[in-house]
Participant: 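Quick one: structure below, then a few questions.
This chain uses plain numbering: 1 for the first residue, then up along the sequence. Every number for a ligand or one of its atoms is a count from 1 in the order of the listing.
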Amino acid sequence: MGEPEGADAAEGRTFLVTGANTGIGRATAAALARQGGRVYVASRSRAKGEEAVAGIKASTGNDAVWFLPLDLADLDSVRACASAFLARGEPLNVLVNNAGVVRARGLTKQGFELMFGVNHLGHFALTQLLLGRLTESGPARVVTVSSDSHYSARGIDFEALRRPERGITGMHGYAVSKLCNVLFSAELARRTADTGVTTYALHPGVVASDIWRPVPWPVRPLMTRRMLTVDQGAATSLYCATSPAVAQDSGKFYDRCAERAPSRVATPELAAELWKRSEEWTTLSA
Ligand SMILES: NC(=O)c1ccc[n+]([C@@H]2O[C@H](COP(=O)([O-])OP(=O)(O)OC[C@H]3O[C@@H](n4cnc5c(N)ncnc54)[C@H](OP(=O)(O)O)[C@@H]3O)[C@@H](O)[C@H]2O)c1
C-alpha cells in the first residue's frame with residue numbers, strides 16, 4: 001500500500017514523536033492527531049506527558065494518543081521505551097526525533113556530553129531499536145529535527161563528546177549535536193535505501209518554545225516576541241512526516257518546507273565515522 005495523499009496523509013498511520021509534551025513536538029503531535037493519526041507522545045516526565053496526551057485528545061477529539069516514558073539522557077530508558085512500543089504490536093509509520101536541549105551542561109547517565117547524548121545519541125539508539133518495525137511498516141519515515149545552528153559546527157571532536165560542554169555560551173556543543181542530526185539522517189538514508197524507509201532532517205525556524213528557558217527574564221519575552229509560534233514551527237516537521245511531495249526523497253535537509261543544502265562539513269565520510277562511533281557507544285551498557 002502506498003502513502004495516502006494530502007490532508008489525510010496521517011489518517012490511520014502511527015507516529016511516535018519524542019519530546020512531544022511541549023513546544024514544537026507537542027504542536028507536531030497535535031496536528032498529526034487532528035489529521036487522524038495514531039500518536040505516541042514520548043516524554044521524560046510522566047506528569048507532563050500525560051497532561052499533553054489529555055490536552056491533545058481534548059483539542060483534537062482523537063482518542064488514539066498515548067504516552068510513552070522516554071529519557072534520552074539514559075540509554076536504558078531508550079531501550080525500555082522502544083520495548084514498550086514494540087510490545088504493543090502496532091506498526092510504526094513515522095518516527096519524529098524531535099526532543100532537544102540547548103545550553104545544557106553535564107553528562108548523560110552513560111557519560112556523554114549532554115546535548116550530544118540527548119539530541120543525537122539517544123535518538124540514534126531509539127531509531128536503531130525501532131528500525132525493524134519501521135521497515136515492516138513501510139513506507140515509513142524517520143524525521144529528525146536539527147537546526148540551522150548546525151552550520152556553525154566546524155566538525156566533531158569525538159574526544160570532547162565524553163566530557164561536559166566547556167564553551168561559555170553552551171552553543172558550540174549544541175551546534176555539534178545538530179550537525180550530528182544531519183549526518184545521522186543522511187547516513188541512515190544510505191543504509192535504508194530501497195527498504196521503504198526514508199529519512200529527513202530539518203530546521204524548524206526560530207520558534208518561541210520552552211527551549212529558551214535558560215534565557216533569563218526580562219530578556220526572554222523580548223527575544224521570543226518576534227519568533228514563530230510552535231504551530232508555525234511544526235510545519236516543516238509535518239511536511240517531512242506526511243507530504244507526498246517528499247515521499248521519494250531521503251537523506252536531505254529541509255527548511256521552511258523546502259530542501260536546503262546542509263553544511264559542507266556534513267560529508268559521507270564524517271557521517272560514516274559518527275555512525276560507527278554511535279554504534280559502539282550505544283552498546284556500551286548493553
Ligand atoms: N525553538 C527553536 O527556535 C529551535 C530552533 C532550531 C531547532 N530547534 C529544535 O527543535 C526541537 C524541539 O525543540 P523546542 O524548541 O520545541 O524546545 P522545547 O519546547 O524545549 O521542547 C523540547 C522537548 O525535548 C524534551 N527533552 C529534553 N531533554 C529530554 C530528554 N533527556 N529525554 C526526553 N525528552 C527530552 C523536553 O522535555 P521537558 O519538557 O521535560 O524538558 C521537551 O519535550 C529540538 O530538537 C531543538 O533543538 C528548535
Participant: Give me the nearest non-hydrogen protein atom to atom 47 (O) of ligand 1 as residue plus atom name, then the distance to 0.1 Å.
Facilitator: Tyr174 OH, 2.6 Å

Participant: Please report the C-alpha distance between Tyr200 and Thr144 in whole Å, then the side-chain angles of each, then the deciding distance to 0.1 Å, and finally whether the side chain to side chain contact (heavy atoms under 4.5 Å, CB included) criterion is met.
Facilitator: CA-CA 6 Å; Tyr200 310 81; Thr144 301; over 6 Å; no

Participant: For Ala20 and ligand 1, does the shortest N/O to N/O distance drop below 3.5 Å?
Facilitator: no

Participant: Applying a 4.0 Å heavy-atom criterion (strictly less than), which segment of Lys178 is in contact with ligand 1: side chain, backbone, both, or neither?
Facilitator: side chain

Participant: Are Phe112 and Leu270 linked, directly or through other ILVMFWY residues, by side chains that come within less than 4.5 angstrom of each other?
Facilitator: yes

Participant: Taking the six-membered ring of Tyr254, is NZ or CZ of Arg260 closer than 6.0 Å to its centre and within 45° of its axis?
Facilitator: no

Participant: Which ligand 1 atoms does Ser147 reach within 4.0 Å, using its non-hydrogen atoms?
Facilitator: 6 (C), 7 (C)

Participant: Starting from atom 22 (C) of ligand 1, locate the nearest protein heavy atom and write down its residue, its atom name and how far away it is, to 0.1 Å.
Facilitator: Gly100 O, 3.6 Å

Participant: Kindly say whether the aromatic ring centers of Tyr40 and Phe15 come within a distance under 6.0 Å.
Facilitator: no

Participant: Starting from atom 5 (C) of ligand 1, what is the nearest protein heavy atom, named by residue and atom, and what distance separates them?
Facilitator: Gly205 O, 3.2 Å

Participant: Under 4.0 Å between a Lys/Arg side-chain N and an Asp/Glu carboxylate O for Glu113 and Arg163?
Facilitator: no

Participant: Using a 4.0 Å cut-off to any heavy atom of Asn21, which atoms of ligand 1 qualify?
Facilitator: 37 (O), 38 (P), 39 (O), 42 (C), 43 (O)

Participant: Taking the ring of Phe253 and the ring of His203, is the distance between their centroids below 6.0 Å?
Facilitator: no

Participant: Return a yes/no value for Gly19: is any of its N or O atoms, backbone included, closer than 3.5 angstrom to an N or O of ligand 1?
Facilitator: yes

Participant: Side chains of Ser278 and His120: is there a donor and an acceptor less than 3.5 Å apart?
Facilitator: yes

Participant: Output, in order, the C-alpha distance, side-chain angles, deciding distance and verdict of salt bridge (Lys or Arg N to Asp or Glu O under 4.0 Å) for Glu51 and Arg26.
Facilitator: CA-CA 11 Å; Glu51 186 279 321; Arg26 179 166 175 160; 3.0 Å; yes

Participant: Give the single entry among Val78, Val17, Asp71, Asn98 that approaches atom 45 (O) of ligand 1 most closely by any heavy atom.
Facilitator: Asn98

Participant: If hydrogens are left out, which of Val207, Asn181, Thr28, Leu70 has an atom nearest to atom 2 (C) of ligand 1, that is, the closest non-hydrogen atom?
Facilitator: Val207

Participant: Under 6.0 Å from the ring centre and within 45 degrees of the ring axis: does the NZ or CZ of Arg103 meet both conditions for the six-membered ring of Trp212?
Facilitator: no

Participant: Out of Val118, Thr224, Ile211, who gets a non-hydrogen atom closest to atom 13 (O) of ligand 1?
Facilitator: Ile211

Participant: Is there a nitrogen or oxygen of Arg44 sitting under 3.5 Å from a nitrogen or oxygen of ligand 1?
Facilitator: yes

Participant: Could you tell me whether Ser43 approaches ligand 1 through its side chain, its backbone, both or neither, with non-hydrogen atoms closer than 4.0 Å?
Facilitator: neither

Participant: Between the side chains of Ser237 and Asn98, is a donor N or O closer than 3.5 angstrom to an acceptor N or O?
Facilitator: no

Participant: Grouping I, L, V, M, F, W and Y whenever their side-chain heavy atoms are under 4.5 Å apart, do Leu72 and Phe67 come out in a common cluster?
Facilitator: no

Participant: Would Gly25 count as being in polar contact with ligand 1, using the rule that some N or O on each side must be under 3.5 angstrom apart?
Facilitator: no

Participant: If you count the atoms of ligand 1 from 1 in the order shown, which ones are under 4.0 Å from a heavy atom of Ala99?
Facilitator: 24 (O), 25 (C), 26 (N), 34 (N), 35 (C), 45 (O)

Participant: Flag the pair Phe124 / Trp281 as yes when their ring centroid distance falls below 6.0 Å, and as no otherwise.
Facilitator: no

Participant: What residue and heavy atom of the protein are closest to atom 42 (C) of ligand 1, and at what distance?
Facilitator: Thr22 CG2, 3.5 Å

Participant: Quick one: does ligand 1 sit under 4.0 Å from the side chain of Lys48, the backbone, both or neither, non-hydrogen atoms only?
Facilitator: side chain

Participant: For ligand 1 and Ser209, I'd like to know whether there is a polar contact (N/O to N/O, distance under 3.5 Å).
Facilitator: yes

Participant: Do any N/O atoms on Ile24 end up under 3.5 angstrom from N/O atoms on ligand 1?
Facilitator: yes

